[in-house]
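To start, the structure itself, in structure tokens.
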Number of protein chains: 2
Amino acid sequence: MSYKIKSRIWIESENNVLLGEGRVHLLKAIEETGSLSKAAKSLNISYKKAWQLIDSVNKSAKKPVTINSIGGRGGGGAELTEYGKSLINAFDEINKSCWTFLDKQLGKIESL
Amino acid sequence: MSYKIKSRIWIESENNVLLGEGRVHLLKAIEETGSLSKAAKSLNISYKKAWQLIDSVNKSAKKPVTINSIGGRGGGGAELTEYGKSLINAFDEINKSCWTFLDKQLGKIESL
DNA sequence: AATCGTTATATTTGCAAAAACATAACGGTA
DNA sequence: TACCGTTATGTTTTTGCAAATATAACGATT
């Protein structure tokens with residue numbers, strides 16, 4: 001019976017999307033699993049989609065966000081760089097503070 | 001060469017979208033033209049899509065946002081209620097303040 | 001050199017959302 | 001009552017995106 005203000009934020013670089021909620025989820029799953037294919041499985045998305053997202057992230061970021069390795073013991077894997085870790089931390093922090101900011105604005109609509 | 005934080009906000013009511021940027025554009029065009037069909041033309045969207053949006057807005061809002069009339073001199077028309085006008089004003093105000101809020105957060109990412 | 005699980009990439013298939021098209025209903029006015 | 005531009009709604013077609021499928025390349029380990 002009451003209104004809610006919802007929001008989505010994302011970071012762009014040169015008009016390309018760098019980071020949004022979906023990409024942050026995927027990066028966190030990579031951090032936990034150590035591989036892109038396992039991360040994709042854990043999020044129920046196809047490996048291809050996951051790869052495209054990570055490829056886009058690394059192409060639009062100033063510095064690498066993940067390090068992907070092919071072959072070798074275990075077939076390879078993917079891991080976050082320090083830059084990648086601090087990027088998702090900053091994103092989460094800003095996103096959360098945006099929610100609380102918007103919550104405070106709700107009264108301006110409820111009172112109409 | 002630098003990042004940007006972008007955002008979209010919208011208002012929901014009972015898990016239905018009430019107002020977003022697209023719907024606000026449409027409502028403003030109705031206010032200017034006095035009819036839904038003219039508003040749709042001015043935004044280059046089909047009349048059907050415009051009608052569906054306005055129908056959804058009025059169904060999820062607590063009070064009517066537009067008054068639509070069929071037939072008569074000129075065939076009919078659509079106009080905003082006072083509630084509708086104040087709703088889009090509040091939305092615009094909150095949206096703008098959200099942008100300036102996020103602008104202030106950008107340093108947390110640029111400095112990484 | 002054979003194996004293995006992974007990254008990387010191309011091609012095809014399916015589906016749902018959007019667009020396009022069509023038509024009915026309405027109610028002042030002349 | 002015939003007309004007109006609008007609201008309202010159903011049906012068909014198109015199209016863009018997601019999913020599914022297939023396959024190559026890689027490199028440490030045995």
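Naming: A, B, ... by sequence-line order, numbering from 1 per chain. Excluded from the calculations below are hydrogen atoms, water molecules and symmetry mates; all remaining heavy atoms, backbone and side chain alike, are included. Since we're looking at a predicted model, the values are computed, not measured.
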Practice problem: Identify which nucleotide among dT7(D), dT9(D), dT9(C) has an atom closest to any side-chain atom of Trp51(B), counting heavy atoms from C-beta outward. | Solution: dT9(D)
Exercise. Let me know the distance between CD of Gln52(A) and P of dA10(C), rounded to the nearest Å.
Key: 10 Å
Exercise. Would you kindly give the CG-to-C1' distance between Asn44(A) and dA18(D), to the nearest whole Å?
Key: 14 Å
Quiz item: Quick one: which of dA8(D), dA8(C), dT6(C) gets closest to the side chain of Tyr47(A)?
Solution: dA8(C)
Quiz item: Quick one: does NZ or CZ of Lys41(A) land under 6.0 Å from the six-membered ring centre of Tyr47(A), within 45 degrees of the ring axis?
Solution: no
Quiz prompt | Distance-only side-chain donor-acceptor flag, Lys49(A) / Gln52(A), under 3.5 Å | solution = no
Quiz item: Taking atom C1' of dG5(C) as reference, at what distance in whole Å does atom CG of Asn68(A) sit?
Solution: 15 Å
Quiz item: For Tyr3(A), is the NZ or CZ atom of Lys62(B) found under 6.0 angstrom from the centre of its six-membered ring and inside 45 degrees of the ring axis?
Solution: yes
Quiz item: Is it true that atom NZ of Lys108(B) has more than 12 heavy atoms of other residues, nucleotides or ligands lying nearer than 6.0 Å?
Solution: yes
Self-check item: Closest heavy-atom pair and its distance - Arg23(B), Leu53(B)
Solution: NE-CD2, 3.8 Å
Exercise. If a protein heavy atom is under 4.0 Å from the base, mark B; if only from the sugar-phosphate, S; if neither, -; do that for nucleotides 11-27 of chain C going 5' to 3'.
Key: B-------SB-----BB
Exercise. Please determine if a side-chain N or O atom of Ser69(A) lies less than 4.0 Å away from the OP1 or OP2 oxygen of dT7(C).
Key: no
Quiz item: In whole angstroms, how far is the P atom of dG5(C) from the NZ atom of Lys41(A)?
Solution: 10 Å
Exercise. Could you tell me the separation between the CG atom of Asp55(A) and the P atom of dT7(C), rounded to a whole number of Å?
Key: 13 Å
Quiz prompt | Ser56(B) versus Asn16(B), side-chain donor and acceptor atoms under 3.5 Å | solution = no
